[in-house]
Amino acid sequence: MKSTSSSSRPRTARPGPAGEAVAGVRITHPDRVLDRESGLTKVGLARYYGAVAGRMLPYVIRRPLALVRCPEGDQAECFFQKQRTPGMPPSIHGSKIAEHGILHVEDEGGLIALIQFGAVELHGWGSRLPESGVPDWIVMDLDPDEGLPFARVVDAAWTMHDAFARIGLRSFVKTTGGKGLHVVVPIVPEAPFDAIKEFTFGVAGEFARSDPARYTATLSKSARRGKIFIDYLRNGQGATAIVPYAVRARPGAPVAFPVAWRDLGKMDPRDFSVATVPKLLSKRRTDPWADFFDLAQRVPPAYLQMAHARRRKSA
DNA sequence: GCCCATT
DNA sequence: AATGGGCAACGCCAC
DNA sequence: GTGGCG
Ligand SMILES: [Mn+2]
Ligand SMILES: [Mn+2]
């Protein structure tokens, strides 16, 4: 029923000049270079996310997202976006939380649609729709000052692991694509962000008090000098953290990669990139985060209450 | 990548 | 028709 | 308030 004078009959089933489809999403400008260092192209990025989608989507679905978009490639400027904008396909869903627009995806088609729209990095809230006010994970973001050896960050991660273990919480660790690590604790989504954030502030403060030469809970540059900033601020409503398997818009296209605790000491975060991760995944015997969503654990109420009391005091 | 306002 | 800006929040925190 | 930061 199309009335075209120049019926462009498909000579082949081959994708046209607009590019090939990934997960049913046509990728335009497939050869656009997103990272000169690794040679990563837009279609290469789409194929990467398609390849890891099975592992990645559980951490992405229904989670309000912040994107780092680089639609013009790695030459031009990248920018953050957290609201759905008109022109995005229906697979990129919009919603509103406390008067502010958010976006989220429901499936692989939505994920790849984000890439078609120029997204490179995906950052997620700590909560998922429709219960957007109660986080289902805690992220302790370990941010080393410039020049600190990575072994110090590994040590901090283990100390964090032990601190959580002491109160009955299993934690998981991932690289961030940078020089830090994330220690992540899945929790039953029932305590509001404020309570969880206060709790994590308490944890960070404890680190800073018990080993002030190594740790600070204060974000400022001066306080950070020579130390690791225990960034608990990822645990507020609307705050985000890089999502597992997401790519960073940086030279080498590094990936935020879940690792096993026992492997922490043997690896270098730069080992994990768009170029290496799909192969590593297929070689892996097991997923180190396999039971992440099966734990049904909670911060002991006493610790949330302590946090609440501290909050009252400062109010 | 796409919308929109301005030229 | 072509060009150029925008696309984060809000939010918190330290000072 | 401003500046820094994610
Ligand atoms: Mn970090
Ligand atoms: Mn941080």
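By convention in this document, chain letters (A, B, ...) are assigned in the order of the sequence lines, proteins followed by strands, and residues within each chain are numbered from 1. Because the structure is predicted, anything quoted here is derived from the model rather than measured.
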For DNA chain C, the dot-bracket pattern of Watson-Crick and G-U pairs whose distances stay under 3.5 Å, | for other-strand partners
|||||||...|||||
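Rounded to a whole Å, the CG atom of A:Leu67 is 10 Å from the P atom of C:dA8. Here the P atom of nucleotide C:dG11 and the OH atom of A:Tyr232 are 16 Å apart, to the nearest Å. Between the CD1 atom of A:Ile92 and the P atom of B:dC2 there is a distance of 10 Å, given to the nearest Å. When the C1' atom of D:dG6 is taken as reference, atom CG of A:Asn235 falls 13 Å away, rounded to whole Å. Put simply, CD on A:Glu72 is 14 Å from P on B:dC3, counting in whole angstrom units. Between the CZ atom of A:Phe80 and the P atom of B:dG1 there is a distance of 19 Å, given to the nearest Å. One interatomic measurement links the two molecules: CD of A:Glu146 to P of D:dC5, which rounds to 12 Å at whole-angstrom precision. Rounded to whole angstrom, the span from the CG atom of A:Leu233 across to the C1' atom of C:dA9 amounts to 14 Å.
Counting only N and O atoms by type, the side chains of A:Asp162 and A:Thr159 include no donor and acceptor under 3.5 Å apart. Inspection of the A:Gln116 and A:Thr28 side chains reveals an N or O donor paired with an N or O acceptor under 3.5 Å.
Taking 4.0 Å as the cut-off between side-chain N and carboxylate O, A:Arg214 and A:Asp211 count as a salt-bridged pair. Ion pairing between a basic and an acidic side chain is recognised when a charged N comes within 4.0 Å of a carboxylate O; A:Lys266 and A:Asp263 show such pairing. Taking a cutoff of 4.0 Å between a charged side-chain nitrogen and a carboxylate oxygen, A:Glu20 and A:Arg26 do not qualify as a salt bridge.
Among residue pairs with one or both ends in residues 107-129 of chain A, those qualifying as salt bridge (Lys or Arg N to Asp or Glu O under 4.0 Å) are A:Glu121-A:Arg248; sequence neighbours excluded.
Mapping A:Gln237 and A:Pro71 onto DNA chain C via the closest heavy atom, the residue that lands nearer the 5' end is A:Pro71.
Within the 4.0 Å cut-off from OP1 or OP2 of B:dG1, at least one side-chain nitrogen or oxygen of A:Lys42 is found. Distances shorter than 4.0 Å separate none of the side-chain N or O atoms of A:Ser220 from OP1 or OP2 on D:dC5. Of the side-chain N and O atoms in A:Arg224, none sit less than 4.0 angstrom from OP1 or OP2 of C:dA14. Regarding contacts with the backbone of B:dG1, a side-chain N or O of A:His29 is found under 4.0 angstrom from either OP1 or OP2. The shortest distance between the side-chain N/O atoms of A:Lys221 and the OP1/OP2 oxygens of D:dG6 is not below 4.0 Å.
If you take atom P in B:dC4 and the same atom in C:dA8, they sit 15 Å apart, rounded to whole Å. Separation of the P atoms belonging to C:dA9 and B:dC2 is 22 Å when rounded to the nearest angstrom.
Picking from B:dG1, C:dA9, C:dC12 the nucleotide with the shortest atom distance to the side chain of A:Thr28 gives B:dG1. Here the nucleotide nearest the side chain of A:Ser222, chosen from B:dG1, C:dA9, C:dC15, is C:dC15.
Among the atoms of the strands shown, only primed sugar atoms or phosphate atoms (P, OP1, OP2) are found under 4.0 Å from some heavy atom of A:Phe117. Within 4.0 Å (heavy atoms only), A:Thr85 reaches no atom of the nucleic acid at all. At the heavy-atom level, A:Arg234 lies under 4.0 Å from the strands shown only through sugar-phosphate atoms. Looking at heavy-atom distances under 4.0 Å, A:Arg32 makes contact with sugar-phosphate atoms alone, never a base.
Expressed to the nearest 0.5 Å, how far NE2 of A:His182 lies from CE of A:Met160 amounts to 11.5 Å.
Using a 30° and 60° split on the angle between ring planes, A:His161 and A:Trp261 fall in the perpendicular class, above 60°.
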